[in-house]
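Read the structure below first, then the notes.
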2 protein chains.
Amino acid sequence: MATVKYSRQRESILSYLRSTTAHPTAETVFNHVREICPSISLGTVYRNLKQLETLGIIRRISCGDGNEHFDGTVSPHYHLFCRSCGSVSDINMPLLADLNQLASHYTEGTIEGHSTIFYGLCATCVKPR
Amino acid sequence: MATVKYSRQRESILSYLRSTTAHPTAETVFNHVREICPSISLGTVYRNLKQLETLGIIRRISCGDGNEHFDGTVSPHYHLFCRSCGSVSDINMPLLADLNQLASHYTEGTIEGHSTIFYGLCATCVKPR
DNA sequence: CTCAATAATAGGAATTGTTCTTATTATAAA
DNA sequence: TTTATAATAAGAACAATTCCTATTATTGAG
């Protein structure tokens with residue numbers, strides 16, 4: 001049931017996401033993938049982003065500014081959301097000791113993962129102009 | 001400039017947020033505050049939620065399901081987002097040592113704060129029915 | 001190879017969450 | 001009081017996302 005069939009559009013989306021560390025929005029993905037697949041529609045981008053996320057192939061980053069960002073890297077790492085320019089950048093910091101396990105001691109629910117986002121100014125915005 | 005004037009509507013919104021640990025959405029806030037202010041409009045709820053957030057009186061929680069949740073508690077603490085029922089609950093776990101400071105060693109940007117959300121099943125959804 | 005089943009698409013309509021606009025009302029300070 | 005202006009209700013406008021439908025592409029079987 002529901003076998004996944006190949007599509008050039010999905011491959012382009014994934015390939016673009018894996019080629020950048022900019023954590024683009026759906027709109028940005030659309031604009032880039034358009035250059036390879038000129039006839040792609042925005043609906044196709046949204047559908048595939050959702051599917052790839054569900055399959056665990058990409059990650060969604062919600063930073064509270066009303067824009068969803070996407071990440072082609074699924075291994076856990078940290079992000080910095082810049083309150084000035086709205087960018088999302090990686091922070092290459094070692095992962096903390098198992099937060100999930102620690103948290104599980106403090107709830108009767110089940111912990112399956114977590115996400116940490118830092119807020120502040122990115123390297124570009126913090127520099128004097 | 002821009003002095004803040006009292007309004008019964010804002011007070012009701014804040015009072016409701018502080019009375020619950022359910023981390024309601026704007027829509028839910030609207031439905032509850034309606035019982036005290038029957039003529040309140042959804043726009044007023046959104047405007048005040050945004051203002052209270054800007055003033056640092058409440059917090060916004062973005063968990064990636066397309067629904068913004070609000071928290072009348074502003075002191076740092078952890079949340080669990082339930083993938084089954086979509087609820088946001090508190091996890092009363094001691095705060096980790098200063099993550100902000102640690103992260104600042106790994107970026108040229110400025111860290112002002114962070115947010116950690118756990119994902120999994122809440123206590124209610126994990127129990128056998 | 002050819003064909004049948006069906007997943008995926010493009011394009012646009014529809015939906016949803018949120019913000020904006022405007023005339024009116026409430027607050028607060030002189 | 002009076003006056004300046006912040007806040008409101010109501011609904012229009014907007015933007016991000018999902019849904020709909022007829023068509024196209026992929027894939028596995030024969």
Side-chain angles (χ1 to χ4, degrees), chain A residues 1-17 22-55 57-71 81 86-88, chain B residues 1-17 22-55 57-71 81 86-88:
Chain A
M1 79 289 266
T3 70
V4 174
K5 286 185 182 171
Y6 170 88
S7 91
R8 197 166 39 81
Q9 290 86 339
R10 190 187 305 122
E11 172 156 305
S12 294
I13 289 168
L14 182 56
S15 155
Y16 170 60
L17 278 181
H23 311 88
T25 62
E27 188 75 31
T28 304
V29 170
F30 176 58
N31 288 327
H32 276 84
V33 172
R34 251 180 153 167
E35 290 167 16
I36 288 103
C37 298
S39 68
I40 197 172
S41 71
L42 193 48
T44 295
V45 172
Y46 276 107
R47 180 166 19 79
N48 278 292
L49 286 174
K50 181 174 283 194
Q51 185 186 29
L52 289 167
E53 186 195 5
T54 301
L55 294 172
I57 294 171
I58 67 173
R59 271 187 60 197
R60 171 188 303 261
I61 305 165
S62 300
C63 45
D65 69 337
N67 291 107
E68 300 289 287
H69 295 255
F70 295 90
D71 194 338
F81 173 74
S87 69
V88 175
Chain B
M1 82 286 267
T3 69
V4 174
K5 288 185 181 172
Y6 171 88
S7 91
R8 199 165 39 81
Q9 289 86 341
R10 189 187 307 121
E11 172 156 305
S12 292
I13 289 168
L14 181 56
S15 155
Y16 170 60
L17 276 182
H23 310 87
T25 62
E27 188 74 33
T28 305
V29 170
F30 176 59
N31 287 327
H32 276 85
V33 171
R34 251 180 154 167
E35 290 167 16
I36 288 102
C37 299
S39 68
I40 198 173
S41 72
L42 193 50
T44 295
V45 172
Y46 275 106
R47 179 164 22 78
N48 278 292
L49 286 173
K50 181 173 281 194
Q51 185 185 30
L52 289 167
E53 185 195 5
T54 301
L55 294 172
I57 295 171
I58 66 173
R59 271 187 61 198
R60 172 187 303 261
I61 306 165
S62 301
C63 46
D65 69 337
N67 291 107
E68 298 292 285
H69 295 254
F70 295 89
D71 194 338
F81 173 73
S87 69
V88 175

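Computation of the quantities below employed the complete heavy-atom set of this structure, encompassing side-chain atoms and omitting hydrogens, waters and symmetry-equivalent molecules. So that the names make sense, note that chain A is the first sequence line, chain B the second, and so on, each numbered from 1.
Classified by interplanar angle (parallel below 30°, tilted 30° to 60°, perpendicular above 60°), the ring pair B/His32/B/Tyr16 is parallel.
Of the candidates C/dA8, D/dT8, D/dT17, D/dT8 carries the atom nearest the B/Ser7 side chain, counting heavy atoms from C-beta on. Closest to the side chain of A/Arg10, out of C/dA8, D/dT8, D/dA9, is C/dA8. The side chain of B/Asn48 sits closest to D/dT8 out of D/dT8, C/dT9, D/dA6. Candidate nucleotides D/dA6, C/dA8, D/dA10 were compared by shortest atom distance to the side chain of B/Thr3, and D/dA6 ranks first. Closest to the side chain of B/Asn67, out of C/dG17, C/dA7, C/dA10, is C/dG17. Checking C/dT9, D/dA16, C/dA10 against the side-chain heavy atoms of A/Tyr46 singles out D/dA16 as nearest.
Distance CZ (A/Arg34) to C1' (C/dT9): 15 Å, rounded to an integer number of Å. For B/Leu42 and C/dC20, the CG to P distance is 14 Å, given to the nearest whole Å. The CZ-C1' distance, from B/Phe30 to C/dT18, rounds to 13 Å in whole Å. Remark: P of D/dG11 and CZ of B/Arg47 are 15 Å apart, rounded to the nearest angstrom. In this entry the distance linking CG of B/Leu14 with C1' of D/dA7 reads 16 Å, nearest Å.
A/Gln9 has no side-chain polar atom (N or O) that falls below the 4.0 Å cut-off from OP1 or OP2 of D/dA25. Between B/Gln51 and D/dA7 there is a side-chain polar atom (N or O) within less than 4.0 angstrom of OP1 or OP2. In this model, the phosphate group of C/dA10 is approached by a side-chain N or O of A/Thr44 to a distance below 4.0 Å at OP1 or OP2. Listed pair A/Ser39 / C/dA10 meets the phosphate criterion, a side-chain N or O lying under 4.0 Å from OP1 or OP2.
Atom OG of A/Ser62 and atom NE2 of A/His69 lie 9.0 Å apart (nearest 0.5 Å). Going from atom CG of B/Leu17 over to atom CG of B/Asp71 covers 8.0 Å, rounded to the nearest 0.5 Å.
Nucleic acid contact for B/Tyr6: sugar-phosphate only, since backbone atoms but no base atoms lie under 4.0 Å from a heavy atom of the residue. Across all strands, A/Glu27 comes closer than 4.0 Å to no nucleic acid atom at all (heavy-atom distances).
The closest side-chain donor-acceptor pair between B/Ser12 and B/Ser15, if any, does not fall under 3.5 angstrom.
Across the interface with DNA chain D, nearest-nucleotide mapping of A/Ala26 and B/Ile40 shows B/Ile40 to be the residue nearer the 5′ end. Residue whose closest nucleotide on DNA chain C sits further toward the 5' end, between B/Val4 and B/Lys50: B/Lys50.
For D/dT5, the base has a donor-acceptor partner in the side chain of B/Lys5 [N/O atoms by modelled type, under 3.5 angstrom].
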Would A/Asn48 and A/Val29 count as a side chain to side chain contact (heavy atoms under 4.5 Å, CB included) here? Give the steps.
CA-CA 11 Å; A/Asn48 278 292; A/Val29 170; over 6 Å; no
